[in-house]
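Below: the structure, in structure tokens.
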Amino acid sequence: MSEYRRWYREEYLKSKRWRELKEEFLGSSCFCCDNDWTKWEGKDAEWLELHHISYKNIGTDKEIEDLVTVCSLCHDEIHEVIAMGLYKL
């Protein structure tokens, strides 16, 4: 794992800044599938995550422009497509 990825996963995603961005920006429906997961029985906001469309603005004032709310199912699929090299950030 690169030093950047280690920092991103082990430090940034646990930081106060990331928690504040999630509280401020996290929506109630998925950008990809448009499901409102807060209305599904047995599901809650825990199913919703933020995804960086690009990593170039992480930690900057422009970071919020690169964020979309996605459900955990779509988020996994997005990262599978990226891992296969079909989409580059």
Side-chain angles (χ1 to χ4, degrees):
M1 180 182 310
S2 73
E3 184 64 24
Y4 178 80
R5 286 191 92 161
R6 186 206 60 75
W7 169 82
Y8 179 75
R9 289 184 176 183
E10 295 177 15
E11 294 180 34
Y12 184 74
L13 292 180
K14 296 176 184 175
S15 71
K16 180 181 177 187
R17 176 179 171 72
W18 182 245
R19 285 191 307 273
E20 289 172 350
L21 279 173
K22 282 178 65 175
E23 285 178 24
E24 177 183 343
F25 191 73
L26 192 66
S28 63
S29 62
C30 177
F31 177 80
C32 297
C33 67
D34 203 33
N35 279 328
D36 183 343
W37 288 95
T38 60
K39 294 183 179 178
W40 286 60
E41 187 175 335
K43 307 284 188 239
D44 56 25
E46 296 280 322
W47 275 74
L48 295 171
E49 303 170 353
L50 287 180
H51 172 70
H52 285 94
I53 296 170
S54 164
Y55 292 111
K56 66 182 178 184
N57 291 319
I58 290 176
T60 72
D61 292 339
K62 292 184 175 187
E63 181 172 12
I64 202 162
E65 297 171 13
D66 287 338
L67 297 173
V68 292
T69 299
V70 293
C71 69
S72 60
L73 300 173
C74 289
H75 203 186
D76 288 345
E77 288 183 26
I78 290 168
H79 283 281
E80 284 180 28
V81 167
I82 292 168
M84 290 187 293
L86 300 175
Y87 178 82
K88 295 193 187 266
L89 294 174

Practice problem: State the CD-SG distance between Glu49 and Cys74, to the nearest 0.5 angstrom. | Solution: 10.0 Å

Quiz item: Given Lys16 and Glu20, is the salt bridge (charged side-chain N to carboxylate O under 4.0 Å, His left out) satisfied, shown in steps?
Solution: CA-CA 6 Å; Lys16 180 181 177 187; Glu20 289 172 350; 3.7 Å; yes

Quiz item: Are the charged groups of Arg5 and Glu10 less than 4.0 angstrom apart, N to O?
Solution: no

Quiz item: Under a 4.5 Å cut-off applied to non-hydrogen side-chain atoms, are Tyr4 and Ile58 in contact?
Solution: yes

Self-check item: Steps toward side chain to side chain contact (heavy atoms under 4.5 Å, CB included) verdict (Arg6, Glu11)
Solution: CA-CA 8 Å; Arg6 186 206 60 75; Glu11 294 180 34; 3.1 Å; yes

Quiz item: Between His52 and Tyr8, does the ring centroid distance fall short of 6.0 Å?
Solution: yes

Self-check item: Partner set under side-chain contact (heavy atoms from CB on, under 4.5 Å) for Arg17, not counting sequence neighbours
Solution: Tyr12, Ser15, Leu21, Glu63

Quiz prompt | Residue pairs passing the salt bridge (Lys or Arg N to Asp or Glu O under 4.0 Å) test where at least one lies in residues 65-78, sequence neighbours excluded | solution = none

Quiz item: Roughly how far, to the nearest 0.5 Å, is the CG atom of Leu48 from the SG atom of Cys30?
Solution: 7.5 Å

Exercise. List in chain and number order the residues that pass side-chain contact (heavy atoms from CB on, under 4.5 Å) with Leu73, two or more places apart in sequence or in another chain; answer none if no residue qualifies.
Key: Trp37, Trp47, Cys71

Practice problem: Hey, could you give me the OG1/CG distance between Thr69 and Leu26, rounded to the nearest 0.5 Å? | Solution: 4.5 Å

Quiz item: So, for Leu50 and His75, which heavy atoms are closest and what is the spacing to 0.1 Å?
Solution: O-CE1, 3.5 Å

Quiz prompt | Residue pair Lys14 / Arg9: nearest heavy atoms and the distance that separates them | solution = CE-O, 4.2 Å

Quiz prompt | From Phe31 atom CZ to Leu67 atom CG, the distance as rounded to the nearest 0.5 Å | solution = 12.0 Å

